[in-house]
Amino acid sequence: MQQETRAVVIIGSGPAGYTAALYTGRAGLNPLVYEGDQPGGQLTTTTTVENYPGFPEGVAGPELMDRMREQAARFGAEIRSETVTRVDLGQRPFLVQAGDETVRAASIILAMGASAQHLGLESEKKLTGHGVSTCATCDGFFFRGKRVVVVGGGDSALEDALYLAKLAASVQLVHRRDQLRASHIMQERVAREPKISILWNSVVEDILDVSQGKVTGVRLRDVKTGRVQTVECDGVFVAIGHAPNSQLVAGQIDLDEHGYIRTQRGSATSVPGVFAAGDIQDPYYRQAVTAAASGCQAAMDVERYLQGSAYQDWGKGEAGGAGRP
Ligand SMILES: Cc1cc2nc3c(=O)[nH]c(=O)nc-3n(C[C@H](O)[C@H](O)[C@H](O)COP(=O)(O)OP(=O)(O)OC[C@H]3O[C@@H](n4cnc5c(N)ncnc54)[C@H](O)[C@@H]3O)c2cc1C
C-alpha cells in the first residue's frame, strides 16, 4: 500500500502553526496541518485581542484565529482536525502518526504551544476571561486604575506584578511561602514599587464571585495559621508557570530544563529537518505576534532545508503525493 508523503507537516494550529501553513502554502509545499484538540490554539479562549497589529478596534480571539485558518487554507494548506499521537524523528522521512493515520514527512514544524498552569479551582475556570487571566501583557490594560491580585512567587509572577503596577491602582502578590523564589534583582524591584504588597503564606481557596460573572475578590487561607480572609479585587492574574506541550518529542529532540524546545538560527532544532515555532520554544515573549513571526521563520527555514534535500520535489504537484522516495 502506498503511504501518504508530505514535504512538510505542521503540528499545531495556533498563530505559529497557521502562519507556518500560510508561508509554506504560498511556497507551493502543500503543507498538512494537524490542529489538535484546541483548533486555533490559546487565543480561542480569550475575548478581545487588542495588541495584534492590524486591528485598531481589537478583534475577538476566535475570530482572529478563524481568519488565520482561512488565509492558510486559501493558499493550499490542508488542515485536519486530528491530534498527533506519535512522531518518529529517528526515521527518514519522518513518521507522523495521528490515531490510525500515518504520514511520512520530509520536514516537520512543531507548533504545539504551551499551556499556562492553573490553580485548579472551578471558579477560576468559570471566571477566565471575566477577570481571571494568565497573561498580564495581554490583559493588564483592561485593569487600568483597578485592584489586582497576582498569584505566584517566581520571576514571571514578579514581572507580571511590576508590569501591572504601571497600570493598576494596586497589586497584591499572593504567595504560599514566606519567601519568594524569584531572583534577587526582581525582589529588589518589587520592594521598591509602592503599589505592590505581598500576602505571605497564603493560598487562594476561591475566586469570587461566579454568581455575578465577574471577579470581586479572592478568598485566601493562611497555610500556617489556617486563618481565612477575603481580599477584594477586580482581577486575578495566575502566574504559577507554563508547561510547553513538548511531550510528543521528549527524548527525541533537545529540550531545556523546563521542557521548551531549544532552537537556534531561527527555528532549527537539534534534529535537522525538524523546526519549532511559537510558545513551545519561547519561554519569554509568549505573544500571538511573536508566535506568528516564528511560524514565518520556521516556514522559510523549511523551504531552505528542502532545497538542499533529497525531498525537494515532494511539495510539488498534487497535495500529499504518494509513494515518492
Ligand atoms: C487567555 C489568554 C489570552 C491571551 N491573550 C493574548 C493577547 O491578547 N495577545 C497576545 O498576543 N497573546 C495573547 N495570549 C498568548 C497567545 O495566545 C499565545 O502566545 C499564542 O497563542 C501562542 O501561539 P502558538 O501558535 O505557539 O500556540 P497555541 O496558541 O498554544 O496553539 C497550540 C496548538 O497546538 C495544538 N496541539 C498541541 N498538541 C498537539 C498535538 N499533539 N497534535 C496536534 N496539535 C496539537 C493545539 O491544538 C493548538 O492548536 C493569550 C493567551 C491566553 C491563554
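Atoms within a ligand are numbered from 1 in the order they appear, just like the ligands themselves. Here the structure is a predicted model, which is why all the values come from computation and not from measurement.
- Defined by atom type and a distance below 3.5 Å, a donor-acceptor pair is present between the side-chain atoms of Ser115 and Asn245.
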For this session: For Gln229 and Asp222, run side chain to side chain contact (heavy atoms under 4.5 Å, CB included): C-alpha distance rounded to whole Å, both residues' side-chain angles, the deciding distance at 0.1 Å, then the answer.
Result: CA-CA 8 Å; Gln229 62 164 326; Asp222 187 309; over 6 Å; no
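- Annotation for ligand 1: atoms under 4.0 Å from non-hydrogen atoms of Gly278 are 26 (O).
- Nearest protein neighbour of atom 46 (C) of ligand 1, counting heavy atoms only, is Glu35 O, 3.6 Å.
- Using a 3.5 Å distance cut-off with no hydrogens or angles, the side chains of Gln287 and Asn51 do pair a donor with an acceptor.
- Residue contacts with ligand 1, taken as heavy atom pairs separated by less than 4.0 Å, do not involve Asn245 at all.
- Ligand 1 has no nitrogen or oxygen under 3.5 angstrom from a nitrogen or oxygen of Pro39.
- In this structure, Tyr52 falls outside the shell of residues with a heavy atom less than 4.0 angstrom from ligand 1.
- Of all protein heavy atoms, the one closest to atom 29 (O) of ligand 1 is Gln42 N, 2.9 Å.
- Contacts between Ala16 and ligand 1 below 4.0 angstrom, taking non-hydrogen atoms only, involve backbone and side chain alike.
- Backbone and side-chain nitrogen or oxygen atoms of Thr134 are examined, and none is located within less than 3.5 angstrom of a nitrogen or oxygen of ligand 1.
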For this session: Begin with the C-alpha distance, continue with both residues' side-chain angles, and end with the deciding distance and a verdict on salt bridge (charged side-chain N to carboxylate O under 4.0 Å, His left out) for Glu63 and Arg67.
Result: CA-CA 6 Å; Glu63 186 194 335; Arg67 295 179 75 156; 3.5 Å; yes
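- Under the 4.5 Å side-chain criterion, counting only non-hydrogen atoms from C-beta, Val171 is not in contact with Val149.
- Among all non-hydrogen protein atoms, the one lying nearest atom 12 (N) of ligand 1 is Ala288 N, 3.4 Å.
- For Ala116, the closest heavy-atom approach to ligand 1 does not fall below 4.0 Å.
- In this structure, the side chains of Gln281 and Phe275 stay at 4.5 Å or more apart for every pair of heavy atoms.
- In terms of protein heavy-atom proximity, atom 50 (C) of ligand 1 is nearest to Cys138 SG, 3.7 Å.
- In terms of protein heavy atoms, atom 27 (O) of ligand 1 is closest to Gly113 CA, 3.4 Å.
- Between Gln287 and ligand 1, a contact under 3.5 Å exists for at least one N or O pair.
- Among Arg144, Lys146, Arg147, the one residue that satisfies the salt bridge (Lys or Arg N to Asp or Glu O under 4.0 Å) test with Asp234 is Arg147.
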Problem set entry | Trace of the side chain to side chain contact (heavy atoms under 4.5 Å, CB included) decision for Cys296 with Met300 | CA-CA 6 Å; Cys296 156; Met300 294 175 72; 3.8 Å; yes
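- For atom 48 (C) of ligand 1, the nearest protein heavy atom (residue, atom name, distance) is Gln38 O, 3.3 Å.
- Summary of contacts: the protein heavy atom closest to atom 33 (C) of ligand 1 is Ser13 N, 3.6 Å.
- Close approach to Ala111 involves these atoms of ligand 1, each under 4.0 Å from a residue heavy atom: 32 (C), 33 (C), 34 (O).
- Those atoms of ligand 1 with a heavy atom of Gly36 less than 4.0 angstrom away are 43 (C), 44 (N), 45 (C), 47 (O).
- Using a 4.0 Å cutoff on heavy atoms, Val49 counts as a contact of ligand 1.
- The side-chain heavy atoms of Leu220 and Val228, taken from C-beta on, include no pair separated by under 4.5 Å.
- Atoms of ligand 1 lying under 4.0 Å from at least one heavy atom of Asp37, given by number and element, are 47 (O).
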Problem set entry | Verdict with reasoning, Glu4 to Arg6, per salt bridge (charged side-chain N to carboxylate O under 4.0 Å, His left out) | CA-CA 7 Å; Glu4 184 179 2; Arg6 290 283 175 162; 3.2 Å; yes
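- Looking at every heavy atom in both residues, Gly153 comes nearest to Ala157 through N-CB, 3.8 Å.
- When Asp279, Val84, Thr19 are checked for heavy-atom proximity to atom 41 (N) of ligand 1, Val84 turns out nearest.
- Considering Gly14, Pro15, Gly41 only, the shortest heavy-atom separation from atom 21 (O) of ligand 1 involves Pro15.
- Residues Glu124 and Lys126 are not paired through a salt bridge, judged by the lack of any N-O separation under 4.0 Å between the basic side chain and the carboxylate.
- Checked against disulfide (SG to SG under 2.5 Å), Cys138 has the following partners two or more places apart in sequence or in another chain: Cys135.
- Near Tyr34, meaning under 4.0 Å from any of its heavy atoms, are these atoms of ligand 1: 43 (C), 44 (N).
- Annotation for ligand 1: atoms under 4.0 Å from non-hydrogen atoms of Gly12 are 33 (C), 34 (O), 35 (C), 44 (N).
- Of the protein's non-hydrogen atoms, Asn51 OD1, 2.8 Å is the one closest to atom 9 (N) of ligand 1.
- Annotation for Ala276 and Thr263: closest pair CB-CG2, 3.8 Å, computed over non-hydrogen atoms.
- Distances below 4.0 Å separate heavy atoms of Arg286 from the following atoms of ligand 1: 15 (C), 19 (O).
- Under the 4.0 Å criterion applied to side-chain N and carboxylate O atoms, Arg181 and Asp155 are not assigned as salt-bridge partners.
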